[in-house]
Amino acid sequence: MEPILSDDVAQALAEHRAVVALESTIFSNLGLPAPANADALELCKQAVRDHGAVPAVAAILDGRAQLGLSPDEEKRVLLGTRKVAERDLAVAQAQGWDVGVTTVSATVSLAHAAGISVFATGGIGGVHRGSELDVSADLDAIANHPVITVCAGAKAFLDLPRTLEYLETAGVPVLGWQHDWFPAFYTRSSGLPVPHRVDDERVVCDVLRFRARPATGVLLTVPIPVDDEIPAARIDAVLTAALEASAQEGVVGPAVTPYVLARIEKETDGQSIPANLALARNNAGVAARIAVALAQEVL
C-alpha cells in the first residue's frame, strides 16, 4: 500500500533529501478547534522547512492515501471529522472515504511505506489509566515500523509508567532530546526518567541504524519549551476532573482523547491551545533536524 506522494515530497525522496511526515488528526477539528488547527498546520510546515526539510502531511482523500497535500486538500483536512488509525487504512481506501485524518499509527505506517524515516506529532497515545486492554495502536505501530517518531511524550492523561513499560517490552528505544525526563505533553517532566538521553542529531540517527529488530522504530521525546509549559499542579487537577467526567458519561475508546482535550481547553481558559501549538511546532523543528542529519548519512 504505497501512498500517493505530492510532487515536492516525491522529488525530495528521489533526491535523498530530508522529509518529515506529519499526521493530520492534529490539524482537524478532532485535534484542535478552528482556527488553532489551521495555525498548527502552518506552524508545523514552516518549522520543518525552516530546518531544511520537506513537510509531508498524511491523509486519506477520496479513498486514496496521500503524503503531501495541496492548499485545497489541506482545507479539506481542516474540516475532517473521520479519524483513520492504521487498522482503518484499508477500510478507508476500500470504501472510498471522502476525508480521513490520520492518527500516529496510520501516519507511521504510511511514512514507512513511502520510505520516510522521520515523523513528527504532538503526543502519542499509550496505555489508558485503569485498563489492562485499552492500549493505543500508536505503540504497536511505532514498534513495527522503522521510523523515528518525534513527540512531546505521551498524552498526559494516560498511564505513563505502563506506557513506558509497554514500549520496553516491544523493544522500542525511548530517547529524551537534551532532557533526562519523560515529558508529559503540557509539562516538561512526568517525574519518570527517560531510558536514554541524547544531545545530538546523529546519535538519534545511529540509534535507528543500530536497532536490534529490523522492523522496530525509535521514539524521540522532546519536552515542551520552558515558556509554554503548563504547571504540573494545575494540569494534574484538570486531568483528574476530565477523566472522572469521561467515565461518568461513558466515554470510551478513541472518543476519550478529543473529550479530555476539550475539557482541558475549557478548564485552562484556553491555555492548552498555545501550549499545543508550541510543542507541535517545536517537535516539527527537531524532527526536521533529525531528517536532515539522516539524509546526510545517506548521501
ring-ring contact (aromatic ring centres under 6.0 Å, His included) partners of residues 73-120, not counting sequence neighbours, each pair once: His112-His145
Polar contact flag, side-chain donor to acceptor under 3.5 angstrom, Thr107-Thr102: yes
Beyond-backbone contact of Val57 with Leu41, side-chain heavy atoms, under 4.5 angstrom: yes
Sequence-distant partners of Ala280, side-chain contact (heavy atoms from CB on, under 4.5 Å), two or more places apart: Ile26, Cys44
Donor-acceptor contact below 3.5 Å, side chain Thr221 vs main chain Pro183: no
Listed once per pair and sorted, the ring-ring contact (aromatic ring centres under 6.0 Å, His included) pairs that draw on residues 256-288, sequence neighbours left out: none
Residue pairs, two or more places apart or on separate chains, that pass salt bridge (Lys or Arg N to Asp or Glu O under 4.0 Å) and touch residues 34-60: Glu42-Lys45, Lys45-Glu74
Residue list, salt bridge (charged side-chain N to carboxylate O under 4.0 Å, His left out) with Asp228, at least two apart or on another chain: none
same_hphob_cluster(Val174, Leu160) at 4.5 Å side-chain heavy-atom cutoff: yes
Residues forming a side-chain hydrogen bond (donor to acceptor under 3.5 Å, both in side chains) with Ser189, sequence neighbours excluded: none
Neighbour count above 12 (heavy atom, 6.0 Å) for Gln178 CD: yes
Selection residues 56-69 - residue pairs positive for salt bridge (Lys or Arg N to Asp or Glu O under 4.0 Å), sequence neighbours left out: Asp62-Arg76
Nearest heavy atoms of Ser109 and Leu89, plus distance in Å: OG-CD1, 4.0 Å
Results of side-chain hydrogen bond (donor to acceptor under 3.5 Å, both in side chains) for Asn29 - residues two or more places apart only: none
Under the side-chain contact (heavy atoms from CB on, under 4.5 Å) test, residues paired with Glu229 that sit two or more places apart: Thr187, Arg188, Ile224
Contact check, side chains of Glu201 and Trp177, non-hydrogen atoms, under 4.5 Å: yes
Whether over 12 other heavy atoms sit under 6.0 Å from Asp199 CG: yes
With sequence neighbours excluded, residues passing side-chain contact (heavy atoms from CB on, under 4.5 Å) with Thr240: Glu244
Residue pair Leu192 / Pro161, side-chain heavy-atom distance below 4.5 Å: yes
Contacts of type ring pair (Phe, Tyr, Trp, His ring centres under 6.0 Å), residue His51, not counting sequence neighbours: none
Residue list, side-chain contact (heavy atoms from CB on, under 4.5 Å) with Pro193, at least two apart or on another chain: Trp181
Derivation and outcome, side-chain contact (heavy atoms from CB on, under 4.5 Å), residues Val218 and Thr149: CA-CA 6 Å; Val218 173; Thr149 294; over 6 Å; no
Modelled atom types, side-chain donor and acceptor of Asp8 and Ser6, under 3.5 Å: yes
Between Gln11 and Arg17: side-chain donor-acceptor atoms closer than 3.5 Å: no
Gap between atom CG of Leu79 and atom CZ of Phe27 - 0.5 Å precision: 14.5 Å
Donor on one side chain, acceptor on other, Gln46 and Arg281, under 3.5 Å: no
